[in-house]
Amino acid sequence: MTIKDAPAKKSESLLVPRQPIADGPSVRQPAEVADPGAGVVSRETPPPAFDAVEAPAAKKTGKGRSVIDTMDDSSPLGRELAREAKRREKLSGKELPKPTHTRIMTISNQKGGVGKTTTTVNIAAALATAGLQVLVIDIDPQGNASTALNIDHHADVDSIYDVLIDDVPLGDVVAPCPDVPNLICAPATIHLAGAEIELVSLVAREQRLRRAIDVYAKQREEKGEPRLDFVFIDCPPSLGLLTVNAFVAAKEVLIPIQCEYYALEGLSQLLKNIEMIQKHLNSDLTVSTILLTMYDGRTNLAAQVAAEVREHFPQQVLKAVVPRSVRISEAPSYQQTVMTYDPSSSGALSYQEAAAEIASRP
Ligand SMILES: Nc1ncnc2c1ncn2[C@@H]1O[C@H](COP(=O)(O)OP(=O)(O)OP(=O)(O)O)[C@@H](O)[C@H]1O
Ligand SMILES: [Mg+2]
């Protein structure tokens with residue numbers, strides 16, 4: 001479904017300055033604990049229960065009961081552990097299907113700090129760990145994706161800047177992620193900060209990334225290297241020429257939305273821009289995926305924002321929800337994704353679920 005198909009009336013409500021989602025004390029006091037027991041479980045807040053992927057048959061005990069069925073769920077901690085164990089069981093041993101073509105996804109939201117980079121690197125790492133060939137392209141001058149994937153991106157390194165401005169082949173700048181097999185990354189350096197202005201005077205300024213990816217895909221084929229299954233482009237928090245290049249190169253847009261009060265403000269501007277790109281530069285582009293991030297299960301506000309986004313975009317929103325998680329926020333300071341930093345954390349589990357859902361969609 002393209003955004004053109006989205007019900008106009010519903011989208012309009014995103015345009016207006018938002019009123020509190022519901023009247024009631026919980027909205028005025030966002031920190032209110034919805035389930036007093038939930039807060040004591042761990043510092044990581046759980047996402048709501050969901051069935052992101054089909055479960056393989058549960059491991060049975062001697063009496064035909066699942067191990068999980070025997071877990072004590074009389075306390076909030078027990079219930080939470082049982083829920084997580086169930087989710088893990090659904091994912092374990094599940095093979096992710098390879099797409100029939102290289103899926104190029106742009107991760108974009110001009111709002112800053114909503115989890116674009118975190119989503120890019122963790123979904124990329126989850127898919128690569130599952131055996132798929134994945135390329136991450138960092139086109140944010142901040143270079144956060146390069147940092148999280150432990151890719152050199154100091155000023156002297158050849159980077160996506162050289163690809164966009166000096167026609168250096170993409171294959172010359174990609175580097176393997178040292179911690180995750182099958183994952184490569186084209187880093188961003190500080191030079192990219194000037195690229196928005198330098199691009200303006202260049203020929204085919206909006207198509208430069210797309211061409212570079214096409215050439216690189218052909219080169220890989222000629223060299224007998226495996227076809228890329230996924231390309232993720234991590235965008236800066238703006239709608240300038242770098243983001244336009246990403247929209248023109250991609251077929252799909254993945255929008256991370258933070259489960260906070262201001263999350264939907266600015267979304268209509270993003271959707272309008274995407275519509276412009278569809279009209280003039282890339283008619284294949286669709287908003288295929290929306291991921292709810294930083295979900296704080298202790299607040300009613302997070303649940304209300306999530307419900308509202310699902311109501312507006314029922315097809316696009318993934319069932320998987322990423323919780324606000326200490327482990328997720330710590331991982332980049334160790335130059336890691338949460339998939340390698342703490343694979344057993346609930347944050348890693350949620351990103352695995354999101355990756356499995358993305359892979360299972362056509
Ligand atoms: N689920 C989460 N739980 C806790 N912290 C998170 C979570 N997701 C992201 N963060 C933290 O929030 C901050 C912003 O995340 P991130 O850098 O991924 O956002 P962004 O949209 O890429 O930001 P920018 O717009 O600056 O590029 C980071 O410090 C990150 O570690
Ligand atoms: Mg970022």
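For the numbers below, each heavy atom of this structure counts, side chains included, while hydrogens, waters and symmetry mates do not. As the structure lists them, so they are numbered: ligands from 1, and atoms in each ligand from 1.
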Which of the atoms in ligand 1, numbered in the order shown and given with their element, are less than 4.0 Å from a heavy-atom of [X]?
X	answer
Gln142	24 (P), 26 (O), 27 (O)
Gly112	25 (O)
Val114	19 (O), 20 (P), 21 (O)
Asp140	27 (O)
Val322	1 (N)

- Is the shortest distance from atom 2 (C) of ligand 1 to a protein heavy atom below 4.0 Å? yes
- Look at atom 29 (O) of ligand 1 and say whether a protein heavy atom is found at less than 4.0 angstrom from it.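 Within 4.0 Å of atom 29 (O) of ligand 1, no protein heavy atoms are found.
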Heteroatom distance test ([X], ligand 1): nitrogen or oxygen, under 3.5 angstrom:
X	answer
Cys235	no
Arg324	no
Thr119	no

- Determine whether the side chain, the backbone, both or neither of Asp234 has a heavy atom under 4.0 Å from any heavy atom of ligand 1. neither
- Message: Could you check whether any heavy atom of Pro323 sits closer than 4.0 Å to an atom of ligand 1, since that is the contact criterion I want to use?
- Response: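 Yes, that is the case, since the closest heavy atom of the residue is under 4.0 Å from the ligand.
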- Item | Nearest protein heavy atom with distance in Å, relative to atom 4 (C) of ligand 1 | Ser325 O, 3.2 Å
- Query: Which residue supplies the protein heavy atom nearest to atom 11 (C) of ligand 1, what is that atom called, and how far is it?
  - Reply: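 Protein heavy atom with the smallest distance to atom 11 (C) of ligand 1: Ser329 CB, 4.3 Å.
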- Query: For the Mg ion (ligand 2), does an N/O/S atom of Thr120 lie at less than 2.8 Å?
  - Reply: no
- Query: When you check the gap from the basic side-chain N to the acidic O, do Arg87 and Glu353 get nearer than 4.0 Å?
  - Reply: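 Between Glu353 and Arg87 there is a salt bridge, with a charged N closer than 4.0 Å to a carboxylate O.
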